There are 2 protein chains.
Amino acid sequence: MIRVVVVDDHEVVRKGIIAYLQTDMEIDVIGEASSGNEGATLVIEKQPDVVLMDLMMDNGSGIEATEQIMEKYPSCKVIILTSYYDDEQIFPAMEAGAFSYLLKTSSASDISRAIKKAAKGENVIEPTVAGKVFSGYRKGSEQLHESLTNRELEVLLCIGDGMTNKEISDKLYIGIKTVKTHVSNILAKLQVNDRTQAAVYVHKNKLLKEEE
Amino acid sequence: MIRVVVVDDHEVVRKGIIAYLQTDMEIDVIGEASSGNEGATLVIEKQPDVVLMDLMMDNGSGIEATEQIMEKYPSCKVIILTSYYDDEQIFPAMEAGAFSYLLKTSSASDISRAIKKAAKGENVIEPTVAGKVFSGYRKGSEQLHESLTNRELEVLLCIGDGMTNKEISDKLYIGIKTVKTHVSNILAKLQVNDRTQAAVYVHKNKLLKEEE
DNA sequence: TTTTTTCTCCGTCTTAAGACTGAGTATTTT
DNA sequence: AAAATACTCAGTCTTAAGACGGAGAAAAAA
């Protein structure tokens, strides 16, 4: 029996996956969690063979949870289960120590197959994902904003909101010249030519939390 | 018995929901589909009481499918089941004739409850969604771009891509002055102050098809 | 046929943006 | 103690952006 923990903040999805997995006699679902933190704690406690982890969750992302798990219990196989939105998250997930990377468009049987393979130590990566991995592997360009300082990130998010330099300076209580300096540094770091492209970057990388 | 059809392109999610619903004796899942078109056809054929419809699908959105269903079989109750990304889609879904609007963060029991209520003709809307509906109901402002002409929309999409006026004029084979005219008209119609805000508008309203 | 819409383009003018250089202060790292 | 990093701000300069007004041609609507 392969001992599995399922972590997903969508109860419907979680219960559904569990209901399906329970039809498989080789698989034993020994726990479930609805957030990354809860999941990491549970996994470290229960020590399952495989973890099925959703990537996008409200309270703490699947990436952080994966990092926590790999730190305390590195022999665990974490399978990232993601919807098609999170392309940009593939590399961070890999770095965090994820074992396999499945899309939710996978068939249900693909998932049980991936779990069994993971238990045997075999890596599974979606063909579509694999394509991204190889074609799009341009040395960390998918997370350029990580080189930004805190202040620069603040300014960038304002740009992503459509604010002018003046508005940003008012909001952050700094001079407009300072804002200009930050903006110039941001553009250089993101390798874009103007604030509009920076705003596009923000949205393509979904850096804004409250998209109203 | 309430006759239900489930439409979702994520097989895992679909199978999961079905597996859960089958534990409820009042509900009978009589069909499933993995795309909007397939779903619409199936619904019109099987005439279920309630349809559980995912909003974001690869082949034809849930909105189109809902429209098709309401056209041929208007007494059907379509419950939209969506993840938290698709806020902007609420109004189009309403217009298409969706009956209820549930988030995937709902608990599994919320879903069966929504199905039972829908069968009785009772409308269910998530509190978080309801908030959006009322607070954000500013007379069609969510579709301001519909007043744009074809050419203006073309230019707007270029802006959303981060292009400068010069780049746009080269791409569309028109003068830069013409581009400026279009841009000014676009900004006025979208009620924004500069191209950066216009770019933000494009992304918030997901007007770009290929978000690579 | 007349009117309206759309797309095209011109000139002028003002200002926000951004590049570049330099620099003071504080904090953290080494 | 010295060096690197982060945040702040100044001055200068160039140019893209955008507002405003005007206008011609073609196509669609009235």
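Just so we're clear, the structure is a prediction, and the values are computed from it rather than from any experiment. To find a chain, count down the sequence lines: A is the first, B the second, and so on, and within it residues start at 1.
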Rounding to an integer number of Å, can you tell me how far A:Leu156 CG sits from C:dG18 P? 12 Å
Regarding the side chain of B:Arg151, the nearest nucleotide among C:dC7, C:dG18, D:dC9 is C:dC7
Quick one: does B:Arg14's side chain have a donor or acceptor within less than 3.5 Å of a partner on B:Asp8's backbone? yes
In whole angstrom, give the distance that lies between atom CG of A:Asn150 and atom P of D:dT5. 16 Å
Choosing from D:dG18, C:dG18, C:dC9, which nucleotide comes nearest the side chain of A:Arg195? C:dG18
With no angle test and no hydrogens, is the base of D:dA10 tied to the side chain of A:Lys177 by a donor-acceptor pair under 3.5 Å? no
Quick one: B:Leu172 CG to C:dC9 C1', roughly how many Å, whole number? 15 Å
Please tell me whether B:Glu38 and B:Ser34 have a donor and an acceptor in their side chains that are separated by less than 3.5 angstrom. yes
Between atom CD1 in A:Ile176 and atom C1' in D:dC7, what is the gap in whole Å? 17 Å
Atom pair distance, as rounded to whole Å: CG in B:Asp194 and C1' in C:dG18: 15 Å
Between B:Val179 and B:Leu172, is there a side-chain heavy-atom distance shorter than 4.5 Å? no
The side chain of B:Val183 is closest to which nucleotide in this list: D:dC9, D:dG18, C:dC7? D:dG18
How many whole angstroms separate atom CD of B:Glu154 from atom P of C:dT6? 14 Å
CD of A:Glu167 versus C1' of C:dA17: gap in Å, rounded? 14 Å
Return the nearest nucleotide to the side chain of A:Ser184; candidates are C:dG18, D:dC7, D:dT8. C:dG18
Considering just the side-chain nitrogens and oxygens of A:Asn165, establish if one lies under 4.0 Å of OP1 or OP2 belonging to C:dA16. no
Would you please test A:Glu154 and A:Lys171 for salt bridge (charged side-chain N to carboxylate O under 4.0 Å, His left out) and show each step? CA-CA 10 Å; A:Glu154 269 188 283; A:Lys171 181 179 178 185; over 6 Å; no
State which of C:dA19, D:dG18, C:dT6 makes the closest approach to the side chain of B:Thr149. C:dT6
Report yes if some heavy atom in the side chain of A:Met1 is under 4.5 Å from a heavy atom in the side chain of A:Ile27; otherwise report no. no
Side-chain N or O of B:His182 closer than 4.0 Å to phosphate OP1/OP2 of C:dT8: yes
Rounding to a whole Å, what distance do you find between B:Tyr173:OH and C:dC7:P? 19 Å
Select one nucleotide: of C:dA17, D:dA17, C:dC9, the one nearest the side-chain heavy atoms of B:Lys180. D:dA17
Any N or O donor-acceptor pair linking the side chain of A:Thr181 to the base of D:dC9 at under 3.5 Å? yes
Scan A:Thr164 against the nucleic acid and name what it touches under 4.0 Å (heavy atoms): base, sugar-phosphate only, or nothing. sugar-phosphate
